[in-house]
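Read the structure below first, then the notes.
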Amino acid sequence: MVNKINIQCNHLYAVGDIHGYFNELAFMLKRYDIKDDCIIICGDCGLGFSSPDATKKEMSKLNKACRDRNVKIVMVRGNHDDPAYFDQGLANTKNIIAVPDYTVVNENILVVGGGVSIDRIHRKEAMELDIRHYK
């Protein structure tokens with residue numbers, strides 16, 4: 001079954017590889033005066049490498065910035081993202097949606113996530129060691 005979503009917006013932007021820099025993306029919304037628009041993050045969003053609580057906290061700040069500016073964000077799974085966030089909607093908010101593969105956006109944009117990175121598990125374990133080291 002193909003998922004379909006429709007998002008009303010003035011402009012549609014596509015960016016990729018933000019790797020969890022959600023605060024920076026929120027800053028860019030203000031810096032470039034992006035309002036009433038939609039941003040599609042084309043993979044490597046950064047979902048699944050920090051703890052679920054940390055991800056939720058970071059996403060809530062981005063969601064607030066989106067809400068204040070009437071911006072919708074559609075996240076597409078990248079090879080460095082955890083598929084559960086997209087398949088189960090773990091990061092979804094009112095203004096941000098992580099869509100499953102083969103979702104059609106606005107009737108004419110088919111989104112398909114990246115492959116699975118062969119080094120994903122190793123990099124995640126290394127990041128967890130780094131986090132524990134600094135606690």
| Cys66 versus Ile96, closest heavy-atom pair with distance | SG-CG1, 4.5 Å
| Does a sphere of radius 6.0 Å around OH in Tyr13 hold more than 12 heavy atoms from other residues, nucleotides or ligands, not counting ones at 6.0 Å or beyond? | yes
| task | Dump the intermediate steps for side chain to side chain contact (heavy atoms under 4.5 Å, CB included) on Ile18 and Glu24, then the final yes or no. | result | CA-CA 9 Å; Ile18 66 167; Glu24 287 78 357; over 6 Å; no
| query | What's the shortest heavy-atom distance between Val71 and Lys35, and which atoms? | reply | CG2-CA, 4.2 Å
| Side chain of Asp17, backbone of Asp44: donor and acceptor closer than 3.5 Å? | no
| query | Counting N and O atoms only, with roles assigned by atom type, does the side chain of Asn63 sit under 3.5 Å from a partner on the main chain of Asn95, one being a donor and the other an acceptor? | reply | yes
| query | How about Cys42 and Val15: do any of their side-chain heavy atoms sit closer than 4.5 Å? | reply | no
| said: Starting from Val111, can I reach Met75 by hopping between I/L/V/M/F/W/Y residues whose side chains sit under 4.5 Å apart? | reply: no
| message | For Phe86 versus Asp82, what's the shortest heavy-atom pair and its separation? | response | CD1-O, 3.4 Å
| query | Do the side chain of Asp36 and the main chain of Cys9 share a donor and acceptor less than 3.5 angstrom apart? | reply | no
| request: Check for a donor-acceptor pair, side chain of Asp81 on one end and backbone N or O of Leu47 on the other, with a separation under 3.5 Å. | output: yes
| query | Applying the 4.5 Å side-chain criterion to the ILVMFWY set and letting contacts propagate, would Leu12 and Ile39 be lumped into a single cluster? | reply | no
| field | Single-linkage hydrophobic cluster, 4.5 Å side-chain cutoff, Val104 and Val76 together | value | no
| query | Any Lys/Arg nitrogen of Asp33 or Arg69 sitting under 4.0 Å from an Asp/Glu carboxylate oxygen of the other? | reply | yes
| said: Hydrophobic clustering (ILVMFWY, side-chain heavy atoms < 4.5 Å, transitive) - are Phe22 and Tyr32 grouped together? | reply: yes
| Derivation and outcome, side chain to side chain contact (heavy atoms under 4.5 Å, CB included), residues Lys94 and Arg67 | CA-CA 8 Å; Lys94 186 174 180 179; Arg67 185 183 64 233; over 6 Å; no
| note | Scanning both residues in full, the closest heavy-atom pair of Pro100 with Asn3 reads CG-ND2, 3.1 Å
| request: Locate the shortest heavy-atom distance separating Ala91 from Tyr85; write the atom from each residue and the value. | output: CB-CD2, 3.8 Å
| field | Validation row: Asn23, Lys61 side chains within 4.5 angstrom (heavy atoms) | value | yes
| Gap between atom NE2 of His19 and atom CD1 of Ile41 - 0.5 Å precision | 11.0 Å
| said: Walk me through whether Leu62 and Leu25 qualify under side chain to side chain contact (heavy atoms under 4.5 Å, CB included). | reply: CA-CA 7 Å; Leu62 178 57; Leu25 182 57; 4.1 Å; yes
| Presence of salt bridge, Lys57 and Asp53, under 4.0 angstrom | no
| query | Can you tell me if Asn106 uses its side chain to pair, donor with acceptor, with the backbone of Ile7 under 3.5 Å? | reply | yes
| Check: Asp101 side chain, Gly113 main-chain N or O, donor-acceptor pair, under 3.5 Å | yes
| query | Any chain of hydrophobic side-chain contacts (each under 4.5 Å) joining Ile97 to Val105? | reply | yes
